Protein chains: 2
Amino acid sequence: MLSIGRLSQETGVKVPTIRYYEQIGLMPAAERSSGNQRLYGAAARRRLSFIRHARDLGFPLEAIRDLLGLSDQPDQPCTAVDAIARAQLATIRSRIARLQALEDELMRMIGQCAHGKIAECRVIEVLGDHGQCAHDHHGTFDDAGPGR
Amino acid sequence: MLSIGRLSQETGVKVPTIRYYEQIGLMPAAERSSGNQRLYGAAARRRLSFIRHARDLGFPLEAIRDLLGLSDQPDQPCTAVDAIARAQLATIRSRIARLQALEDELMRMIGQCAHGKIAECRVIEVLGDHGQCAHDHHGTFDDAGPGR
DNA sequence: CCTTGCAGCTCTAGTCGCTAGAGAGATTAG
DNA sequence: CTAATCTCTCTAGCGACTAGAGCTGCAAGG
Ligand SMILES: [Zn+2]
Ligand SMILES: [Zn+2]
Ligand SMILES: [Zn+2]
Ligand SMILES: [Zn+2]
């Protein structure tokens, strides 16, 4: 049996994160030692590794919850599993597309700046007027911020 | 002078978001009508449009705050402005790179699945074991989630 | 003049996936 | 035994909003 710290080392999931997963019911309540410390066996280790890997691939926790539930029904067809994965792929692709539009626009802005005074800076100018942009990069769907 | 609702329509920024920007000091405290309702002039409109456009390009609010501060000093060289824009470009590019690795891995997973029972599903299998992956897509730096 | 109904006001809490810290108790190495 | 490290619970904070409760303002119709 592993302590939470060892489990953390072995899976690469930080200790408070493991406790958080337990709190939201993504990990089952751990067994406890006589001194009330969490103890984990092989099953918990596998489950946490699965979660970690799915998180690394960008799946949201809710999707992971569903995937874990499905993987407990090994005789069902994997349609639902594959649907979740394809949805995740679609999300990733739409993010990439959006980010590439932003990349383009930023490059243009920066490339056009003559590096003089702020009064003539292309960056400030373009930011003040979307009409100067090449694409319609408006954020209809997610642009995303830092994760882990 | 515009009401908050009209300003919202004209700039595409939602009403609660405008109030939020005021609260965090990104927009100055608006003038008020006799009945305590916010009123906005042309300057506020320009400022909010700038913010909206910068947000659409993925700049974090703190960066936008800096950009707005800089644009009030038109005689300074635009070095700092350009640095912020380049930093943003770098962020975007690292996100794209990461997402492309994820896209690859997801495509592989989905493509290899024979669509049988969950017990044999490649998706579940690969999620359970990063060793089956082609790349080291581990999340050292941001993977991102939904934005607006 | 009065009602109706939308728009606006403030304030609080929730979202996602953690992260950081306080202040206490458990365990382990020397 | 002591000191160092781990672990415990609990709360609060991040970014950038979003949703809702429970008020008030204001314009148009009858
Ligand atoms: Zn410039
Ligand atoms: Zn634009
Ligand atoms: Zn499958
Ligand atoms: Zn992997």
Side-chain angles (χ1 to χ4, degrees), chain A residues 1-27 29-40 44 48 51-66 88 91 95 139-148, chain B residues 1-27 29-40 48 51-66 88 91 95 138-148:
Chain A
M1 300 294 267
L2 308 167
S3 72
I4 198 170
R6 283 216 21 78
L7 181 67
S8 168
Q9 282 178 351
E10 293 198 10
T11 58
V13 179
K14 290 186 188 159
V15 169
T17 304
I18 298 172
R19 289 195 279 246
Y20 170 72
Y21 287 162
E22 179 180 317
Q23 191 193 310
I24 63 169
L26 197 61
M27 288 292 287
E31 288 180 59
R32 299 297 182 119
S33 74
S34 58
N36 197 36
Q37 307 203 184
R38 289 171 180 84
L39 292 177
Y40 298 91
L48 188 57
I51 295 171
R52 156 84 146 119
H53 197 201
R55 282 297 299 134
D56 280 347
L57 286 163
F59 287 87
L61 293 184
E62 270 320 293
I64 296 174
R65 199 188 290 274
D66 294 345
Q88 175 61 14
T91 301
R95 270 180 209 167
T140 42
F141 193 61
D142 78 281
D143 71 328
R148 156 177 23 274
Chain B
M1 298 295 266
L2 307 168
S3 72
I4 197 169
R6 282 210 30 71
L7 181 67
S8 168
Q9 283 178 350
E10 294 198 10
T11 57
V13 180
K14 289 184 190 157
V15 169
T17 304
I18 298 173
R19 289 197 278 247
Y20 169 72
Y21 287 163
E22 180 180 317
Q23 191 194 312
I24 63 168
L26 197 62
M27 288 293 286
E31 288 181 58
R32 298 296 180 119
S33 74
S34 57
N36 198 34
Q37 306 201 186
R38 289 173 179 83
L39 292 176
Y40 298 91
L48 187 57
I51 295 171
R52 155 84 147 119
H53 196 201
R55 282 296 298 135
D56 280 347
L57 287 163
F59 287 87
L61 292 185
E62 270 319 294
I64 296 174
R65 199 188 290 274
D66 293 347
Q88 176 61 13
T91 300
R95 270 181 211 169
H138 282 307
T140 41
F141 193 62
D142 79 281
D143 71 328
R148 150 180 27 273

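Remember, it's a predicted structure, so these values are computed and weren't measured experimentally. First the proteins, then the strands, lettered A, B, ... as listed; each starts at 1.
If one axis is set at each end of the helix from dC1(C)-dG30(D) to dG30(C)-dC1(D) from five pairs, those axes are 10° apart, to 10°.
In the set dT19(C), dC26(D), dA16(D), dA16(D) carries the atom at the smallest distance from any side-chain atom of Leu61(B).
What you find for Thr11(B) and Arg52(B) is that their closest heavy atoms are O-NE, 3.3 Å.
Atom pair Glu31(B):CD and dC9(C):P shows a separation of 13 Å (rounding to whole Å applied). We find that OH of Tyr20(A) is positioned 15 Å from C1' of dA20(C), with the value rounded to whole Å. In this entry the distance linking CD1 of Ile18(A) with P of dG17(C) reads 17 Å, nearest Å. In this entry the distance linking CD of Glu22(B) with C1' of dA16(D) reads 17 Å, nearest Å. Residue Ile64(A) contributes atom CD1, which lies 10 Å from atom C1' of dG17(C) at whole-angstrom precision. Rounded to whole angstrom, the span from the CZ atom of Arg95(B) across to the P atom of dG15(D) amounts to 14 Å.
Under the 3.5 Å distance criterion, the side-chain polar atoms of Gln88(B) are matched with a main-chain donor or acceptor of Leu57(B).
Mapping Ser33(B) and Glu62(B) onto DNA chain D by nearest heavy atom places Glu62(B) at the nucleotide closer to the 5' end.
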What does nucleotides 7-12 of chain D look like as a protein-contact string, B for base, S for sugar-phosphate only, - for none, at under 4.0 angstrom between heavy atoms? SBB---

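Contact annotation: Tyr21(A) reaches the phosphate of dC18(C) (side-chain N/O to OP1 or OP2, under 4.0 Å). Put simply, Lys14(B) has no side-chain N or O that comes within less than 4.0 Å of OP1 or OP2 on dC17(D). Close to dG17(C), at under 4.0 Å from its OP1 or OP2, lies no side-chain N or O of Thr17(A). Side-chain nitrogen and oxygen atoms of Arg55(B) include none within less than 4.0 Å of the OP1 or OP2 phosphate oxygen of dG15(D).
Side-chain contact between Glu62(A) and Arg65(A) is present, with at least one heavy-atom pair separated by less than 4.5 Å. Here the side chains of Val13(B) and Arg55(B) are not in contact, with every heavy-atom distance at 4.5 Å or above. Tyr40(A) has its side chain out of reach of Leu48(A): every pair of non-hydrogen atoms, C-beta onward, lies at least 4.5 Å apart. For the pair Tyr21(A)/Ile64(A), no side-chain contact is recorded, criterion being any heavy-atom separation below 4.5 Å from C-beta on. Two residues are said to be in side-chain contact when any heavy atoms from C-beta on lie closer than 4.5 Å; Arg6(B) and Gln9(B) meet this criterion. Residues Arg95(A) and Thr91(A) are in side-chain contact: their nearest non-hydrogen atoms beyond the backbone lie under 4.5 Å apart.
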Before giving the answer on side chain to side chain contact (heavy atoms under 4.5 Å, CB included), spell out for Arg38(B) and Glu31(B) the whole-Å C-alpha distance, their side-chain angles and the decisive distance to 0.1 Å. CA-CA 6 Å; Arg38(B) 289 173 179 83; Glu31(B) 288 181 58; over 6 Å; no

